[in-house]
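See below for the structure under consideration.
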Amino acid sequence: MSTQKALECAREIYAKYGVDVDAAMKSVAETPVSIHCWQGDDVAGFENPDGDLTGGIQSTGNYPGKARTLDELRADFEFAAKFIPGKKKLALHAIYLDAAGKKVERNEIGPEHFTSWVQWAKEKGFGLDYNPTFFSHPLSADGLTLSHSDPAIRKYWIEHGINSRHVAEYFGRELGQTAMNNFWVPDGFKDTPVNRALTRSYLADSYDQIFAEKLNEEYTQEAVESKVFGIGAESCTIGSHEFYMGCAMKHDKLLTLDTGHYHPTELVSDKISGVLTYLKAVMLHVSRPVRWDSDHVVIFDDELRAIATEIKRGGFEKRVNIGLDFFDGSINRIACWAIGSRNMQKALLWAALEPVAMLQKFEAEGDYTSRLAYLEEIKTLPFGAVWNAYCEAQNVSVGDSWIAEMKKYEREVLSAR
Ligand code: RNT
Ligand code: ZN
């Protein structure tokens, strides 16, 4: 059956539930998703590509063909983008700067190191987001950066935090869409500390300095990302969830909810409406933790759908900035981008096709029986037909056709690296 014919049938079936399939596809197409550049090279960056990835995060696997240069990374992302429907932003990290081979200290990075990225993003029609990089550096070797007890080390990282805001502001101004600037620091202790309060006070003071200047929020907005633990920082994470809730409230910033940064039975899907009761917006780092914050490629699982449906059900479309954060080096990295991003798109489409009004009416009337009955019935509606039609309308590969294309690129381009 042709994609269009299948769509016609799906239209009829969804209409019975009061769902407008065409409106659903349109709304998803307009929702920006921020795809992380660091999947392309195992978070290596171009500052010191052969150095170690530190900060308690890890990319495992050594599948051949990873991007080694700026040009390779851009080409790989462009190739992956052909398989990903919807509006795309690319999230950069400071270590992906274009310094033309020169060594630039983190506290000396500025917009001038990202002009080629902006030029490229304009050409390709991508938005850009940003992250200061507080890891993989000699001055983060103690496992502490913005909360280090040495004021000179703190100063260095505060300067990096401040200059990151100007890079993000530059992205927003140039590209005409707000650039999210995400702050995550690896700071923590391997073993039990005895002055958590003092260390946290250093981190708080650093953010007071970093966020002192008011910037135009149309160009950039900052988000702060908490975490439970990192490798080598198992006993205490300075930037815990509670710390960053307060920090976001104090400075009127966004909180970043990374799906791998909570205890395994906690769900980010449940946190969205909780946090948005008091904060203006959130940033998501959609990832897939397997037993720990392992950053596996995002799959189309219950929690991914729950996150997307929560956004829709709460009417939070404008207050949730969706970003991806996973890095798998054990399989083709372009496939990782494609699989994870396509799944995020699928989940958004899934949510857009949910008969929310009907379900919420059952709940309001106390008819929890119908709520559950329908939640289960709709799971077997012809979602795949709408997904294929959405991909076709977006001019990206329909069904499994992208897999052969990806394999060809692997043979012809990646294997030559
Ligand atoms: C680390 C955080 C952080 C990083 C990226 C590379 O646990 O999730 O967001 O993954 O900044
Ligand atoms: Zn993250």
Side-chain angles (χ1 to χ4, degrees), residues 33-49 51-60 66-67 73 89-97 106 128-137 140 143 145-146 157 160-161 164 167-168 179-188 222-234 236-241 243-244 248 253-264 266 268 271 282-298 307 320-329 333 336-337 340 344:
V33 173
S34 181
I35 306 171
H36 50 311
C37 77
W38 50 93
Q39 166 59 70
D41 70 342
D42 308 342
V43 210
F46 309 121
E47 183 194 74
N48 179 19
D52 287 336
L53 171 59
T54 69
I57 54 176
Q58 229 174 55
S59 168
T60 56
K66 84 168 172 189
L73 188 75
K89 294 175 104 180
L90 183 70
L92 296 176
H93 241 287
I95 49 171
Y96 289 80
L97 80 175
R106 300 265 174 100
L128 289 178
D129 287 331
Y130 194 57
N131 299 256
T133 312
F134 294 96
F135 51 84
S136 301
H137 189 276
S140 68
T145 61
L146 290 176
W157 291 113
H160 180 49
S164 78
V167 174
M180 301 308 304
N181 188 16
N182 182 61
F183 284 73
W184 170 71
V185 299
D187 298 34
E222 290 86 14
V224 288
E225 181 178 4
S226 71
K227 163 164 194 173
V228 175
F229 83 99
I231 300 169
E234 290 84 358
C236 170
T237 290
I238 306 306
S240 59
H241 181 66
F243 177 94
Y244 276 122
K253 301 299 179 195
L254 280 65
L255 190 71
T256 296
L257 302 170
D258 183 309
T259 55
H261 288 194
Y262 298 89
H263 293 285
E266 285 185 76
V268 162
K271 295 181 189 295
V282 294
M283 168 98 207
L284 297 181
H285 266 187
V286 181
S287 193
R288 178 166 55 107
V290 176
R291 303 190 184 278
W292 66 290
D293 182 25
S294 61
D295 292 298
H296 278 66
V297 177
V298 164
I307 287 170
V320 176
N321 300 274
I322 304 167
L324 305 177
D325 183 13
F326 51 80
F327 29 100
D328 190 339
R333 295 169 186 81
C336 293
W337 264 328
M344 189 69 238

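Numbering of ligands and ligand atoms starts at 1, following listing order. This structure is a prediction, so every number in the text was calculated from the model and none was measured.
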- Item | Derivation of the side-chain contact (heavy atoms from CB on, under 4.5 Å) call for N182 and H285 | CA-CA 10 Å; N182 182 61; H285 266 187; 3.4 Å; yes

- Can you list the steps and then say if F243 with S226 is a side-chain contact (heavy atoms from CB on, under 4.5 Å)? CA-CA 8 Å; F243 177 94; S226 71; over 6 Å; no

- Task: Dump the intermediate steps for side-chain contact (heavy atoms from CB on, under 4.5 Å) on K89 and M180, then the final yes or no.
- Result: CA-CA 10 Å; K89 294 175 104 180; M180 301 308 304; 4.3 Å; yes

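For atom 9 (O) of ligand 1, the closest non-hydrogen atom on the protein side is E225 OE1, 2.8 Å. At the top of the distance list for atom 10 (O) of ligand 1, counting protein heavy atoms only, stands D325 OD2, 2.8 Å.
Inclusion of K227 in the set of residues having an N or O under 3.5 Å from an N or O of ligand 1 is warranted. Note: no N/O pair closer than 3.5 Å links N182 and ligand 1 by distance alone. The N/O atoms of D258, backbone and side chain alike, include one that comes under 3.5 Å of an N/O atom in ligand 1. Checked against a 3.5 angstrom limit, the closest N/O atoms of D295 and ligand 1 fall outside it. Residue W38 places no N or O, backbone or side chain, under 3.5 Å from any N or O of ligand 1.
For the residue pair T133/H93, the side-chain donor-acceptor check at 3.5 Å is satisfied. Checked by atom type, the side-chain pair S287/D325 shows no donor-acceptor distance below 3.5 Å.
Each of F183, F134, F135 was scored for a ring pair (Phe, Tyr, Trp, His ring centres under 6.0 Å) with W157, with one residue passing: F134. Each of I307, V268, V320, V286 was scored for a side-chain contact (heavy atoms from CB on, under 4.5 Å) with L257, with one residue passing: V268.
N131 places no side-chain N or O within 3.5 Å of a backbone atom of A94 that could act as its donor or acceptor partner.
Remark: among candidates H261, H93, M283, the nearest residue to atom 5 (C) of ligand 1 is H93, based on non-hydrogen atoms.
The shortest distance between side-chain heavy atoms of M344 and V298 does not fall below 4.5 Å. No side-chain heavy atom of T54 sits less than 4.5 Å from a side-chain heavy atom of P186.
Near I57, the atoms of ligand 1 lying under 4.0 angstrom from a non-hydrogen atom of the residue are 1 (C), 7 (O). Less than 4.0 angstrom separates some heavy atom of H285 from each of these atoms of ligand 1: 9 (O).
At a 4.0 Å heavy-atom cut-off, ligand 1 does not touch H36 at all. Under 4.0 Å from ligand 1, the heavy atoms of D293 that appear belong solely to its side chain.
With a cut-off of 2.8 Å, the protein N/O/S atoms near the Zn ion (ligand 2) add up to 4.
Below 30°, between 30° and 60°, or above 60°: for W38 and H36 the angle between ring planes is above 60°, a perpendicular geometry.
Here D42 pairs with S59, K66, R333 under the side chain to side chain contact (heavy atoms under 4.5 Å, CB included) rule; sequence neighbours left out.
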